[in-house]
There are 2 protein chains.
Amino acid sequence: MKKLFPLVTADIALFTVHEGSLRVLLGKRANAPELGKWALPGGVLDPASDSDLDDTARRVLSSKIGVDVAFLDQVATFSGAARDPRGWSLSVLYYALLPRDQVPAVAGNKTEAVEWRDAFAPGSRLAFDHAKLVEAALTTLRSKVVSAALPLHLLPERFTLTELQRTCELILGHSLDKSVFRRRLKSEPSIVQLEGEFLYGAQRPAQLYRAAADFRF
Amino acid sequence: MKKLFPLVTADIALFTVHEGSLRVLLGKRANAPELGKWALPGGVLDPASDSDLDDTARRVLSSKIGVDVAFLDQVATFSGAARDPRGWSLSVLYYALLPRDQVPAVAGNKTEAVEWRDAFAPGSRLAFDHAKLVEAALTTLRSKVVSAALPLHLLPERFTLTELQRTCELILGHSLDKSVFRRRLKSEPSIVQLEGEFLYGAQRPAQLYRAAADFRF
DNA sequence: TCAATAGTGTCTCTTAGACAATATTGA
DNA sequence: TCAATATTGTCTAAGAGACACTATTGA
């Protein structure tokens, strides 16, 4: 007998920047089906406790991964009879961004096996259709970088323009012109200069910035 | 007792151009809840016959409205416990485009009450959260017009550049410069000039064009 | 001829892109 | 001083926007 209801889940592509590359978090599946394969973190909707699917996604990240992300948004919905051996399933895919200085929090927390994989090459044999999901999340992420200040969500609270540029470059996959990049930021209200605060290194100090107070997206 | 499974539906914002404005199709609800209110066409997923949710959407359009659309794409997914009095529900919202010369086919077919409403003012008291859904579909539609040749799906097979421009203007809600518009189309491979074919009216004849054979988007 | 719309040309201004030049630190 | 990176400036070319101009039909 066929099931009358689909399995409804929220899956999350959690991105961060780690060791100089854009990463996505994968977990090793501890249950059948696809036991032992790597998959995006996700969980089944619980109508009793989730007021909507965003809730489901946040609950999964909080309980399974141990992080509460500031930024979470939908990518698309994947559905069908063929994508999960248990039968008809529907996954709403989210993408979330974790500031790179919060990466250690993830590694420490859990006994379950999780890995930060290179987002552009997350591995060849992911569970279910998750290779496709990663691809889709990456496309959405990229499309947002062009116009918006989205990558602020991947940076620490205080950052330099060079750091912001590097982050954009990592996501886009190609280098940007320093001069052009800075010129555009001049008219970007979501980026605020921290008057008199600098990052000191082995060279000329770099001006520090922060996201505007009302910065949301 | 709470339900353990959400109600999964596909809702469709079917757009067309009619009498000089952008329209969206609404149907009068014939069942409770929200009986008598106007809503986007939609239907419950049938796992037995739908291979994925796109299938559900196409089935709804075909059976309830009587059209098979060429273009159908996702907008976003709306979910939660509060949006439908029957309980936890999840709707994947699609938008579809109907060429304006196929509008009569819809009107004729059905005994159920359907109306082509102005997409920017579909009415104040739509069923459920459908006013929000229309808004979201409209935003997506607009965002696609800027860069792409999407409005081709709203035009007859053969069309003039002025017709194409008017259609873009209807969607965007503001007028476009003729010269700029045509200049951009010069480098648009999805639009093909029909050599020697013209539309004759009460003035200078207009060159006819068609969408490129491989045009999908 | 005129009205009406199709289609083209031209000017300016903004901005992207490339790249050079300058500035400021620690070593 | 030099190495390294931050920050700014300059030139050019492409494109957007505004708007004027020409073209071609039916009445």
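Numbered from 1 within each chain, the chains take letters A, B, ... in sequence-line order.
In this structure, B/L133 and B/L40 have side chains that are in contact, with non-hydrogen atoms separated by less than 4.5 Å.
If you measure from atom CZ of A/F198 to atom C1' of C/dT24, you get 10 Å, rounded to the nearest angstrom. Distance, B/Y209 OH to C/dG7 P: 6 Å, rounded to whole Å. Taking atom CG of residue A/L176 and atom P of nucleotide C/dG17, one finds them 9 Å apart after rounding to whole Å. Regarding A/H174, its NE2 atom lies at a distance of 11 Å from the P atom of C/dA18, rounded to whole Å. If you take CD of B/Q165 and P of C/dG7, they are 11 Å apart, rounded to a whole angstrom. If you take CZ of B/R184 and C1' of C/dT8, they are 18 Å apart, rounded to a whole angstrom. A straight line from CZ of A/F159 to C1' of D/dA6 spans 16 Å, rounded to a whole angstrom. The separation between A/L199 atom CG and C/dT24 atom C1' is 14 Å, rounded to whole Å.
Heavy atoms of B/R182 sit under 4.0 angstrom from at least one base atom.
Atom CD of B/E115 sits in a crowded spot, with more than 12 heavy atoms from other residues, nucleotides or ligands closer than 6.0 Å. Summarising the local packing, CD of B/E135 is surrounded by 12 or fewer heavy atoms from other residues, nucleotides or ligands at distances under 6.0 Å.
Closest to the side chain of A/P205, out of C/dA6, C/dT8, C/dT25, is C/dT25. Here the side chain of A/R204 is nearest to one of C/dA23, C/dA16, D/dT24, namely C/dA23. Nearest nucleotide to the side chain of A/V180, out of C/dA16, C/dA4, C/dT25: C/dA16.
Map B/R166 and B/D177 each onto its nearest nucleotide of DNA chain C; the residue landing nearer the 5' end is B/R166. With DNA chain C read from its 5' end, the first of the two nearest nucleotides for A/Y200 and A/K178 is the one closest to A/K178.
Within 3.5 Å, no donor on the side chain of A/S179 pairs with an acceptor on the base of C/dG17, nor the reverse. For a distance-only test at 3.5 Å, the side chain of B/R183 qualifies as a donor-acceptor partner of the base of D/dG17.
Contact annotation: B/T162 side-chain N/O to C/dA6 OP1/OP2 distance is under 4.0 Å.
Less than 6.0 angstrom separates the ring centroid of A/F215 from the ring centroid of A/H153.
Considering A/Y95, A/F15, A/Y94 as possible partners of A/F71, the one that fulfils the ring pair (Phe, Tyr, Trp, His ring centres under 6.0 Å) test is A/Y95.
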